Q: 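Quick one: the structure is below, questions incoming.
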2 protein chains.
Amino acid sequence: MKTNKLCIIRLSKYKNALYRLKSLGFVRVFSDNLADAVEATASQVRKDFSIFGISGNKRGGYKIDELIEKLNIILGKDELQKVIIVGLGKLGTALSRYTGFEKEEIKIVAAFDIDSTKFNQTDIKMIKLNEKTPVLALEYLPEFVRKNNIKIGIITVPDIAAQQVVDIMLSSGIKGILNFAPIRLRGNDDCIINNVNLEGELENLIYFVNASTKTKGK
Amino acid sequence: MKTNKLCIIRLSKYKNALYRLKSLGFVRVFSDNLADAVEATASQVRKDFSIFGISGNKRGGYKIDELIEKLNIILGKDELQKVIIVGLGKLGTALSRYTGFEKEEIKIVAAFDIDSTKFNQTDIKMIKLNEKTPVLALEYLPEFVRKNNIKIGIITVPDIAAQQVVDIMLSSGIKGILNFAPIRLRGNDDCIINNVNLEGELENLIYFVNASTKTKGK
DNA sequence: TAGTTTTTGTGATTTTTTTCACTACAAATA
DNA sequence: TATTTGTAGTGAAAAAAATCACAAAAACTA
C-alpha cells in the first residue's frame, strides 16, 4: 500500500466535502464531483480510493454514507482522539480553545506551560477529562500522558524551547507531534513530527504574489 | 527557472536556520550544515540555490550574511509586507496578535469581521497603520485594501462564509490568500490561494501514528 | 434483449521532484 | 610549486506522484 502525506490529506478533504454534499441532500457522488470539491482530478480520487481498497459502483459512483464511514475508519475518527498542547502563548491558547477540532472527534484534553500564572489546576489527580481543559505545569506532562494514554501532542512554544518539549514528549510516550515552532525538531523513529509553519506559509504566498505581479507587469 | 512551492518553503527554512547559525557566531555554512538544519540533503540545498543563481565558494561554503540577504530579497523580505485578516474567531484573534510575524517583516495591519461587538474603529479615514490593529466592519475591506495597497489576506472565518470573503477580496484587488477554512475556495488566475488546514494536519498525524502503532504491534 | 451511455478501476505513461555521482576549483599543505 | 583535500555546481539517473487512457461493468433505452 503506497501512501504518502498528500494522499492522506486528500482523504481528509474528501471526507469534509462528503459531509457538505450529504448536508445538501446528496446520496451518491462521482469521482468527478469529489475532484471538483477538493481541487484534484477524478482519476486521482479513484486512485486514492483504490489504494485503500475503497470501491464504488460502475456508473453508480460512490454512496456517500458508506464512503464517509470508510474514510472515518481510515482516518481514525471512529474514536475520540485525545491531544495535549504545550505552550499557551497566543497561538497555543487559541488552539486549545478552538472549536473546529470538536466536530473531528479531536479533543485537546490538557495544556501545559511553564508560566505558573496560567495554571488552573495544581493537583493532577483531581482532573477529569470531560471538564474544562486543565492548564498544568509542564513537569506534570509525563505523568498525565502515561495515565491518560495520550499519543498526540501539539507544540506551540517559542523555537528555542521546542526541542526540549519534544524530548519530554518522546520520553513520555507521545507518538505524533504537530509542531508550530519554525525550527527543525529531532525525534526518533518511534514518533512522527509534522510541522506547520505559519510564517513560512505567508512568506511562500508573498513570494508567489511578488513573482506573479512582476511577471504580469503588475 | 523551475520553482515549486516546496522549494520556496525550503528557502524560507534555510533563511531561518541561517539566522540561528549567525546568532551562534557562525560566518560561513556548507550545504551540508544547512541540509542538516532543515532536514534536507546537501545536494538539494545546492540545487535550490542554483535555481536562484545563488553561488558559494568551492571549499569555502557560503557566507551567511550574503546568503541571508539574497534569500530575503527572493522572499520579499526587503520591505514590510502588509496583510489583512478576516474573521476574528479564536484563531483569527490569535493570529492578528501573533508576534511571530513581526520578525519576518510581516504586519497584520487590519482585521475585519461582521460582528459589530468586535469593532474598535468605525471611521476608516482616521486609521493610521502604525497604531493598534484596527478591527473594522467587513464592508470597509475594499476601501481599506485599495487605499493601503494591500496584496495579501488571511481568511479565518467559518467554512460556509469563506467563499464570500474570497469574492470580496478578489474584487478589492487582493492577490494572495492564506485560507484556514477547511474548504476549497475558488479564486481566479490573478490570485493565489494557499490553504492551511489544522484539522487536516492533526488527522494526518493521527493516521500515521495509528498506522505505525498497528504495524509495530503497539 | 441488444445497444448505448456512463463511470469505475487500474496498468501504462508522463511529469515532477529528489538523489546520485562526478567534475571543477579554491584552499590548505608539503 | 606540486599535491592533497573538501566542497560547490550540475547533468544524469532514480524515485515519487500525477495523469492518461481504456477495458469492464452497471444502468439506462428502446
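Small disclaimer: the values here were computed from a predicted structure and weren't measured. Chain identifiers are assigned alphabetically (A, B, ...) following the order of the sequence lines, protein sequences preceding nucleic acid strands; residue numbering begins at 1 within each chain.
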Q: Please check if the side chain of A/Asn195 supplies one atom and the backbone of A/Asn197 the other of a donor-acceptor pair under 3.5 Å.
A: no
Q: Hey, what are the protein-to-nucleotides 7-15 of chain C N/O distances that come in under 3.5 Å?
A:
from: C/dT8; atom 1: OP1; to: A/Ser31; atom 2: N; distance (Å): 2.8
from: C/dT8; atom 1: OP2; to: A/Ser31; atom 2: OG; distance (Å): 2.6
from: C/dG9; atom 1: OP1; to: A/Gly56; atom 2: N; distance (Å): 2.6
from: C/dG9; atom 1: OP1; to: A/Gly56; atom 2: O; distance (Å): 3.4
from: C/dG9; atom 1: OP2; to: A/Gly56; atom 2: N; distance (Å): 3.4
from: C/dG9; atom 1: OP2; to: A/Tyr62; atom 2: OH; distance (Å): 2.7
from: C/dG9; atom 1: N7; to: A/Arg46; atom 2: NE; distance (Å): 2.6
from: C/dG9; atom 1: O6; to: A/Arg46; atom 2: NH2; distance (Å): 2.8
from: C/dG11; atom 1: O6; to: A/Lys47; atom 2: NZ; distance (Å): 3.1
from: C/dA12; atom 1: N6; to: A/Lys47; atom 2: NZ; distance (Å): 3.2

Q: For B/Arg28, which contact category applies under a 4.0 Å heavy-atom criterion: base, sugar-phosphate, or nothing?
A: nothing
Q: Does the B/Thr156 side chain pair with the main chain of B/Phe180, one donor and one acceptor, at a distance under 3.5 Å?
A: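 Between the backbone of B/Phe180 and the side chain of B/Thr156 there is no qualifying donor-acceptor contact (under 3.5 Å).
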Q: Provide, to the nearest angstrom, the distance between the CZ atom belonging to B/Arg10 and the P atom belonging to C/dT16.
A: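 In whole Å, C/dT16 P lies 16 Å from B/Arg10 CZ.
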Q: Whole angstrom is fine here: how far is it from CG in B/Asn4 over to P in C/dT18?
A: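 From B/Asn4 CG to C/dT18 P: 6 Å.
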Q: Counting C-beta onward and ignoring hydrogens, is there a side-chain heavy-atom pair between A/Ile192 and B/Val209 closer than 4.5 Å?
A: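 A/Ile192 reaches B/Val209 side chain to side chain.
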Q: Whole Å only: how far is the CZ atom of B/Phe52 from the C1' atom of D/dG9?
A: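 It is 16 Å, rounded to the nearest whole Å.
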Q: Whole angstrom is fine here: how far is it from CG in B/Asp48 over to C1' in D/dA8?
A: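 So the two atoms are 14 Å apart, to the nearest Å.
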Q: Could you check whether any side-chain heavy atom of A/Asp78 comes within less than 4.5 Å of a side-chain heavy atom of A/Glu105, counting everything from C-beta outward?
A: no
Q: Pairing donors with acceptors under 3.5 angstrom, does anything connect the side chains of A/Gln163 and A/Asp167?
A: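 Side-chain D/A pair, A/Gln163 to A/Asp167: present.
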Q: Could you tell me how far apart B/Gln44 (CD) and C/dA21 (P) are, to the nearest whole angstrom?
A: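 Rounding to the nearest Å, CD of B/Gln44 and P of C/dA21 are 17 Å apart.
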Q: Let me know the distance between CD1 of B/Ile9 and C1' of C/dT17, rounded to the nearest Å.
A: 14 Å
Q: Could you tell me the separation between the CD1 atom of B/Ile8 and the C1' atom of C/dT16, rounded to a whole number of Å?
A: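 Taking atom C1' of C/dT16 as the reference, CD1 of B/Ile8 is at 16 Å.
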Q: How many whole angstroms separate atom CD1 of B/Ile51 from atom C1' of C/dT18?
A: 11 Å
Q: Taking the basic N atoms (NZ, or NE/NH1/NH2) and the acidic carboxylate oxygens, is any pair closer than 4.0 Å for A/Glu104 and A/Lys15?
A: yes
